[in-house]
*Asks:* 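Take a look at the following structure, please.
Read the numbers this way: they start at 1 and go in the same order the structure lists the ligands and their atoms. Residue indices begin at 1 and follow the sequence shown. The structure displayed is predicted, hence computed values, not measured ones.
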Amino acid sequence: MKGRKNMPIDFSKYIASYPDFPEPGILFRDISPMLENGEVYRAATDKIVDFAKERNVQMIVGPEARGFIVGCPVAYKLGVGFSPARKKNKLPGETIEESYGLEYGKSSLYLRTNAVKPGQRVLVTDDLLATGGTIDATIRLVEKLGGIVVGTAFLIELSDLKGREKVKNYDFFTLLKY
Ligand SMILES: O=P(O)(O)OC[C@H]1O[C@H](OP(=O)(O)OP(=O)(O)O)[C@H](O)[C@@H]1O
Ligand SMILES: Nc1ncnc2[nH]cnc12
């Protein structure tokens with residue numbers, strides 16, 4: 001996808017970096033500047049749409065909160081559903097749970113038991129891959145329901161944290177690598 005004047009977009013210019021946020025020792029990579037620029041947000045989304053089209057994606061699942069920002073516009077463009085994997089006490093009705101460790105902290109994710117049908121081809125999206133705990137939990141939720149994870153897609157991969165190990169058995173897309 002080309003930007004204004006047909007120049008390729010340098011997506012890295014739209015990621016802000018904040019040392020020691022939310023706690024000392026973490027270099028926080030913030031996608032907000034990318035989201036705040038309509039042309040860049042759309043171009044980034046279109047890259048994931050292309051990845052998804054090649055894999056005949058039928059459903060998208062993304063973890064709270066930033067996985068929604070990445071997955072929903074892709075679902076809209078493809079005309080497929082999106083189901084949110086949410087944190088504790090957010091989803092009513094019958095749900096399944098998976099817990100996971102984070103670069104900072106520990107948490108659980110929940111998915112509606114009707115979110116994914118057995119055999120459905122699912123794309124899992126998030127803004128950023130760090131240790132891989134979040135995406136691993138999301139994949140486990142989808143697979144528990146019988147979904148087939150045909151791809152994982154991110155805007156950012158933090159390679160030092162080795163999250164790729166957790167998704168090595170799945171097709172992978174990332175827009176940027178740090
Ligand atoms: O690969 P991991 O080590 O699991 O880390 C990546 C996850 O951490 C962040 O979410 P966070 O849990 O901070 O929640 P938020 O999106 O609600 O801010 C980020 O948006 C990813 O979901
Ligand atoms: N370094 C980081 N920057 C932004 N989001 C994150 N989620 C986990 N680690 C992160």
Side-chain angles (χ1 to χ4, degrees), residues 10-37 40-41 44-45 47-48 51-52 57 59-76 82-92 95-112 115-116 122-144 147 149-178:
D10 179 357
F11 290 103
S12 67
K13 289 203 312 213
Y14 300 90
I15 301 299
S17 299
Y18 295 92
D20 300 320
F21 182 90
E23 49 188 63
I26 303 289
L27 177 58
F28 192 86
R29 304 288 188 178
D30 184 17
I31 60 168
S32 298
M34 181 178 284
L35 305 175
E36 287 159 3
N37 183 311
V40 178
Y41 186 18
T45 299
K47 297 267 186 203
I48 299 179
F51 174 80
V57 165
M59 183 71 197
I60 299 181
V61 174
E64 184 170 347
R66 288 172 266 158
F68 307 170
I69 296 168
V70 177
C72 286
V74 176
Y76 174 80
F82 176 90
S83 190
R86 299 216 58 182
K87 292 175 182 169
K88 199 174 175 64
N89 293 330
K90 296 289 184 183
L91 271 185
T95 57
I96 54 169
E97 176 191 358
E98 287 289 336
S99 29
Y100 61 101
L102 274 169
E103 194 185 3
Y104 40 85
K106 209 175 173 309
S107 197
S108 276
L109 282 173
Y110 298 76
L111 191 63
R112 279 163 42 76
V116 171
V122 181
L123 175 72
V124 177
T125 58
D126 205 351
D127 68 322
L128 178 144
L129 178 68
T131 65
T134 307
I135 210 68
D136 184 48
T138 309
I139 290 171
R140 279 185 274 128
L141 287 168
V142 170
E143 291 183 341
K144 238 183 197 174
V149 175
V150 294
T152 59
F154 305 85
L155 299 177
I156 298 172
E157 175 190 7
L158 303 182
S159 340
D160 286 357
L161 294 169
K162 309 239 181 299
R164 268 297 264 283
E165 286 289 305
K166 292 245 170 65
V167 291
K168 63 173 187 290
N169 296 325
Y170 300 90
D171 277 356
F172 177 85
F173 174 87
T174 190
L175 193 61
L176 292 167
K177 241 185 191 191
Y178 289 93

*Asks:* If we ignore hydrogens and angles and just use 3.5 Å, is the side chain of Asp30 paired with the main-chain N or O of Ser17 as donor and acceptor?
*Replies:* no

*Asks:* Quick check: does Asp127 get an N/O under 3.5 Å from an N/O on ligand 2?
*Replies:* no

*Asks:* State plainly whether the residues Lys88 and Glu97 are in salt-bridge range, i.e. N to O under 4.0 Å.
*Replies:*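 No, no charged N to carboxylate O under 4.0 Å.
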
*Asks:* Numbering the atoms of ligand 2 from 1, which are under 4.0 Å from a heavy atom of Leu128?
*Replies:* 3 (N), 4 (C), 5 (N), 6 (C), 7 (N), 8 (C), 9 (N), 10 (C)

*Asks:* I want to know if ligand 2 touches Leu27 in the polar sense, i.e. an N/O pair below 3.5 angstrom.
*Replies:* yes

*Asks:* Need the ligand 1 atom indices (1-based, order shown) with element for anything under 4.0 Å from a heavy-atom of Asp126.
*Replies:*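 Matching atoms, with element in brackets: 20 (O), 21 (C), 22 (O).
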
*Asks:* Please tell me whether Tyr18 and Phe28 form a close aromatic pair, meaning their ring centres lie under 6.0 Å apart.
*Replies:*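 No, too far apart.
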
*Asks:* Asp127 heavy atoms, cut-off 4.0 Å: which ligand 1 atoms fall inside?
*Replies:* 19 (C), 20 (O), 21 (C)

*Asks:* Aromatic rings Phe51 and Phe173: how do their planes relate, parallel, tilted or perpendicular, breaks at 30° and 60°?
*Replies:*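 Aromatic pair Phe51/Phe173 classed tilted.
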
*Asks:* If you count the atoms of ligand 2 from 1 in the order shown, which ones are under 4.0 Å from a heavy atom of Ala130?
*Replies:* 8 (C), 9 (N)

*Asks:* Is the backbone N or O of Asp171 less than 3.5 Å from a side-chain atom of Thr152, with the two atoms forming a donor-acceptor pair by type?
*Replies:* yes

*Asks:* When you check the gap from the basic side-chain N to the acidic O, do Arg66 and Asp127 get nearer than 4.0 Å?
*Replies:* yes

*Asks:* Contact between Gly132 and ligand 1, counting heavy atoms under 4.0 Å?
*Replies:* yes

*Asks:* Can you tell whether the side chains of Arg86 and Glu64 come within less than 4.0 Å, N to carboxylate O?
*Replies:* yes

*Asks:* Minimum distance, heavy atoms only, to atom 12 (O) of ligand 1: which one of Glu64, Arg86, Arg66, Lys87 is it?
*Replies:*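 The option holding the nearest heavy atom is Lys87.
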
*Asks:* Any heavy-atom pair between the side chains of Lys13 and Met34 that's under 4.5 Å?
*Replies:* no

*Asks:* With nothing but distance in play, are any N or O atoms of Pro63 less than 3.5 Å from an N or O of ligand 1?
*Replies:* no

*Asks:* Give a yes/no verdict on whether any heavy atom in Lys166 is under 4.0 Å from an atom of ligand 1.
*Replies:* no

*Asks:* When you compare the side chain of Tyr41 with that of Glu36, does any pair of heavy atoms fall below 4.5 Å?
*Replies:*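 No. Closest side-chain heavy atoms not under 4.5 Å.
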
*Asks:* Can you list the ligand 2 atoms lying under 4.0 Å from a non-hydrogen atom of Leu158?
*Replies:* 1 (N), 2 (C)

*Asks:* Judging by distance only, is a nitrogen or oxygen of Ala130 under 3.5 angstrom from one on ligand 1?
*Replies:* yes

*Asks:* Looking at Arg66, which atoms of ligand 2 are within less than 4.0 Å of one of its heavy atoms?
*Replies:* 4 (C), 5 (N)

